[in-house]
Structures are given as structure tokens and as C-alpha cells.
There are 2 protein chains.
Amino acid sequence: MATSTVENYLKQILLEQQRVEGSPVPMGKVASALGVVPGTTTTMAKSLADSGLVNYAPRKGVRLTEEGEKLALHVLRRHRLIELFLVEILGLGWSEIHEEAEKLEHVISDKVLEKIDALLGFPTVDPHGDPIPTAKGKIDARSLENLSGCPLGEPLRISRITDQAPEFLRFIENNGLQPGAELKISEQNRVAGTLTFSLSKGKTLTIGASAAKKILVE
Amino acid sequence: MATSTVENYLKQILLEQQRVEGSPVPMGKVASALGVVPGTTTTMAKSLADSGLVNYAPRKGVRLTEEGEKLALHVLRRHRLIELFLVEILGLGWSEIHEEAEKLEHVISDKVLEKIDALLGFPTVDPHGDPIPTAKGKIDARSLENLSGCPLGEPLRISRITDQAPEFLRFIENNGLQPGAELKISEQNRVAGTLTFSLSKGKTLTIGASAAKKILVE
DNA sequence: CGAAGGATTTTATTTGTTCAAAATCAGCAA
DNA sequence: TTGCTGATTTTGAACAAATAAAATCCTTCG
């Protein structure tokens, strides 16, 4: 059985590789995502390759095999269902659930997971709007626009926040920018790197381009 | 911070030492309770002693220090609250919760634990009737009689089952012997080592002395 | 082309946890 | 007292995961 460490590597590789289609994930990316020194990931890459979970090309990077991806998706499913569970059932704050889920995802059995899934009514997205893989390993791969690339004036609905950092999430929460919130962009200043929009409740807000990139809408 | 392994040792030592008041817990007991070879526990005992969590007397055994006991009680609290949670909220079967809790108890944060505690209405016993230590580390130490030492004819109420083995718990469940069930002993055969009693619903059951010892009543 | 720089891999160590098997000890029995 | 037996400790080795620092390899730039 895969250790927590292995599960973390696989999950992280999955997350990295679904953002750059096709090419292998460089070891440096994996190392910084997991907070270990690069040397460690090289060692791990070899051992994952030995177990048939990734394809490893030295000096290039790794890519999940079919089996590795299946496992990674299962970990991701656990992670996201747990996050939703923590918010919906236990009433934890938006910004604190990621770390909790990070630990729980490795010890929750399938039995418990399916109970949670049922209790939540078989949801399809987690609190950040990230899609929850199904038990069979299917995941909604629909790609959304981020705020900074949207036309002015049109009504938009936030559907996903792609940054789990507590400070950022607290900012999102404090300003009512959770998935589901509706807004209209009123002004975009490319030079200043800012973007101004109004929320449905009339409030107006200005944020930087880097923050806007982390907010996906439809 | 204590690793899962350390937490397991402490919890197990606590469980052993509360059943034999005063004397140190021999290493052999610890080893078999944790399913490791005796040599391993000797090594661990020394390192726990170095951290000030136990007092270790070579060839005698270990005893928790105040600090060790505090930690152990906290682990036990997590374990028992989680068991109750799994039964009450997620609807898991009686006999399958122990193993689940065994893994979860090491990754649940205090924050989550207190949410669970509140959700359950601040319970004092887990599904097996075992007392749940408070957040402050107090535990109900009331000692109960076991079935095999009780007088005939008197009405008794089951309050605790002291064996977590799934097969035994399934037996208990199938015969309606959960904590709360009421019964009257009708016959005790010391020679045959059996004990017969009738449940409130009129059903009559005969069990062996070893099983009777694991059922505590009041 | 050749050197510089950044990313990656190697190598040698460390930490935590475990096992197998040999060595030691304590208490009891003859 | 001697010796046995069963419990405990020691010793040597393994595995998973990580680090630090030296070595190596691409790519690109002058």
C-alpha cells in the first residue's frame, strides 16, 4: 500500500501535470510544491517509477502512468470531499480546511469516504469550486476563464478559487468572493495591473492582476 | 511533536496501567498490545524516558509520567470521540469503527475535535461504553462489576464492553448486548464455565465465562 | 565554440521505527 | 547453590524519508 508520502507526491504531480498538458513535470516543481530539497524528489521519482506509478525521464521530469493517475485521483477525491465535509458538516472556516484535509486524506478509508459522500449528497465541487473526482476516477476537466481575461460589463459568476493559502482565502471570504458570487467588471487598468468590479450587492472592489488570475469565472 | 508511533505507545501504556494500579507495565505487555517484537519496545521505552514521557525501570517496565499521561489521555479522548462520531454521524457499524479511529486519532486537530464534541452534544462515553476523557484530561475511573461476578436474579444494565475485536463486537451486536441493554442472570454454572441470563425482550442466552468477563454492568 | 548559470542528480549522513537473533538477567526449583 | 526457563535487553541490519553539499548536465549567450 502507498504511504502518505507517496500519495502526496502523486497528488502533487497530478496537480502540476494537469496545468501543463503533455510535457513532463520537472523535479524542481515537485520539490518546491512539496517543500523538500530537489535531491529528495529525484530519489522518489526513481522509486515511483520502479513501482510503475510514474514515467521518469532523467533531467526531464515525471508523468503519471495510468495506475499512478488513478491513485492520485483517488487521493484528490478524498481531499476535496473532506474539505467540503469540514465546511458543511463541522462548520469549519473556509481558510482552515486545507491543512486539515491534507492530513485526513491519507487515513480515511473508502467506507468512511463513501458515507461522507452520501451525507453531502454526492457533490461535484469542493468549497473552492474545485471539481471532485468520482469514485471511478473521472474528473470534470472543463477549463474556466480567469477574471483578468474577461470582457467589461458582462455579468460573471465566480466558480473557482485556485489558491489554497489561508491569507488569500480569508481575503476572498471577507469580501464575499466565494464560488457562486456574481459580479461585473467595471474597469481594467493594464498599466497599473489592477481590475475593478462591482458585486451584486453594490459593493465595488479593486484587486491586483495576480489575485484576479486566481479567480475563475463563467 | 509526538509522532503517531509515540502516541500509540502512550495510549497503550495508559490502557495497560489503568488495569493494574501502581505497578509498572512490563515491556512484554506493551509489545504484544502493539504487535511489535519485545526488543522494539525496549528501545522505545528508553527514548520515551528521554523525552520525559515515561519512567522506565529496566527489567521492570514503564509507567507514564504526568506529562505522558496527559498526552495519552488526549489521544484516548480523540479515539473515543471519533468512534462515537463514526457511529452517530456517519452511521458506521459498531464492529468496524475501532480500526478507523485507530488511524484518525493521530491526525485530528483540536479544532476539529472540539467541533465533533459539540456536534455529539459533549458525550461522556463512547459506543462501547468506555468513558471519554475531558479536554482537561479528566476521566471517569469508576470501576464496574463484570457479568460473571454478579448475583443471580437482580436486574442489571450493561454499561461497557471491554473488547474491541470485531468478531466479539459482532456477537454483542447480533444479540442486543450493547451498553444500555438490561438483563437478569438466571443461572451460573461455575463448573461448566457458563452463565445464562434473560434479556428484557424475553430472549435467553448462555455465554462462556471469558465472554462474561468482558461485559461490565451496573 | 566555450564558459556560465541554473536545474538536476549523486553521495554520504541522519532520524525514526522496525526485526531477527544472540546475550543477559531474575526468580524459582531441585 | 546451581541451573533452568521465560522475559528482557543488546546488537546488527534494514527500510522510508529527508538533508547538505558536491558533482554533473543542458542550454544559452557572448
Side-chain angles (χ1 to χ4, degrees), chain A residues 1-13 16-17 19-20 22-64 68 71-72 75 99 102-103 105-107, chain B residues 1-13 16-17 19-20 22-64 67-68 71-72 75 102-103 105-107:
Chain A
M1 234 273 294
T3 63
S4 301
T5 310
V6 166
E7 289 190 345
N8 275 333
Y9 274 84
L10 296 178
K11 186 186 64 172
Q12 214 53 56
I13 293 168
E16 294 294 336
Q17 82 175 20
R19 100 180 28 153
V20 186
S23 56
V25 180
M27 288 304 132
K29 275 274 161 53
V30 179
S32 64
L34 289 166
V36 297
V37 302
T40 311
T41 61
T42 301
T43 314
M44 196 53 166
K46 286 180 192 165
S47 106
L48 290 178
D50 283 350
S51 324
L53 296 169
V54 304
N55 291 123
Y56 169 53
R59 312 252 163 205
K60 292 286 174 48
V62 284
R63 203 122 242 282
L64 295 174
L71 235 164
V75 178
E99 336 252 305
E102 205 63 28
K103 292 180 298 173
E105 67 188 7
H106 306 296
V107 300
Chain B
M1 232 272 295
T3 63
S4 303
T5 311
V6 166
E7 288 191 346
N8 275 333
Y9 274 85
L10 296 177
K11 186 186 62 171
Q12 214 54 56
I13 293 168
E16 294 294 334
Q17 84 175 20
R19 98 182 29 155
V20 185
S23 56
V25 180
M27 287 305 130
K29 276 273 161 53
V30 179
S32 63
L34 289 165
V36 296
V37 301
T40 309
T41 62
T42 300
T43 314
M44 196 54 167
K46 287 181 191 163
S47 107
L48 291 178
D50 284 350
S51 325
L53 296 169
V54 304
N55 291 124
Y56 169 51
R59 311 252 164 206
K60 292 283 172 51
V62 283
R63 202 123 243 283
L64 295 174
E67 193 192 339
L71 235 164
V75 178
E102 205 64 28
K103 292 179 299 171
E105 67 189 7
H106 306 297
V107 300

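Chain letters run A, B, ... following the sequence lines, proteins first and then strands; every chain starts at 1.
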Inset, instruction - Round to the nearest Å and state the distance from A:Glu7 atom CD to D:dA16 atom P. - result: 16 Å
Legend entry - Sugar-phosphate, base or nothing in reach of B:Gly39, heavy atoms under 4.0 Å: base
Inset, instruction - Rounded off to whole Å, could you give me the CG-to-C1' distance for the A:Asn8 and D:dA17 pair? - result: 12 Å
Inset, instruction - Check whether any side-chain nitrogen or oxygen of A:Thr3 sits under 4.0 Å from OP1 or OP2 of D:dA16, and answer yes or no. - result: no
Legend entry - Check: B:Thr43 side chain, B:Gly39 main-chain N or O, donor-acceptor pair, under 3.5 Å: yes
Legend entry - Nucleotide nearest A:Val6 (side chain, heavy atoms from C-beta), chosen from C:dT8, D:dA17, D:dT9: D:dA17
Legend entry - Under-4.0 Å side-chain N/O to phosphate OP1/OP2 contact, A:Thr40 with D:dA17: no
Inset, instruction - Would you please test A:Val107 and B:His106 for side chain to side chain contact (heavy atoms under 4.5 Å, CB included) and show each step? - result: CA-CA 9 Å; A:Val107 300; B:His106 306 297; over 6 Å; no
Legend entry - Beyond-backbone contact of A:Asn8 with A:Glu105, side-chain heavy atoms, under 4.5 angstrom: yes
Inset, instruction - Report yes if the side chains of B:Met27 and B:Tyr56 come closer than 4.5 Å at any heavy-atom pair, otherwise no. - result: yes
Inset, instruction - Write down the distance between NZ (B:Lys29) and P (D:dT9), rounded to a whole number of angstrom. - result: 15 Å
Legend entry - Residue A:Pro38, side-chain atoms from C-beta onward, closest of C:dT8, C:dG16, C:dC19: C:dT8
Inset, instruction - Whole angstrom is fine here: how far is it from CG in A:Asp50 over to P in D:dA17? - result: 13 Å
Legend entry - Nucleotide of D:dA17, C:dT9, D:dT9 approaching A:Thr42 most closely (side-chain heavy atoms): C:dT9
Inset, instruction - Please determine, for the side chain of A:Val37, which listed nucleotide (D:dC25, D:dA17, D:dT19) has the closest atom? - result: D:dT19
Inset, instruction - Answer yes when B:Arg63 and B:Glu16 have at least one side-chain N-carboxylate O distance shorter than 4.0 Å, and no when they do not. - result: no
Legend entry - Whole-Å distance separating the CG atom of B:Leu53 from the C1' atom of C:dG16: 15 Å
Inset, instruction - Looking at every strand, decide which applies to A:Ser47 at a 4.0 Å heavy-atom threshold: base, sugar-phosphate, or nothing. - result: nothing
Legend entry - C:dT9 base / A:Arg59 side chain donor-acceptor hit below 3.5 Å: no
Inset, instruction - Give the rounded distance in Å between these two atoms: CG of A:Leu34 and P of C:dT8. - result: 14 Å
Legend entry - Sugar-phosphate only, base, or nothing, as touched by B:Lys46 at under 4.0 Å among non-hydrogen atoms: sugar-phosphate
Inset, instruction - Kindly compute the distance separating CZ (B:Arg19) from NZ (B:Lys29), expressed to the nearest 0.5 Å. - result: 8.0 Å
Legend entry - Closest to side chain of A:Thr5, choosing from D:dA18, D:dT24, D:dT9: D:dA18
Inset, instruction - Report the distance from atom NZ of B:Lys60 to atom P of C:dA26, rounded to the nearest whole Å. - result: 9 Å
Legend entry - Shortest side-chain distance from B:Met27, nucleotide among D:dA17, D:dT9, C:dT18: D:dT9
Legend entry - A:Tyr9 vs D:dA16: side-chain N/O to OP1/OP2 distance below 4.0 Å: no
Inset, instruction - Taking only the side-chain heavy atoms of A:Met44 (C-beta and beyond), determine which of C:dT8, D:dT8, D:dA17 contains the nearest atom. - result: D:dA17
Inset, instruction - Would you kindly give the CD-to-P distance between B:Gln12 and C:dT17, to the nearest whole Å? - result: 16 Å
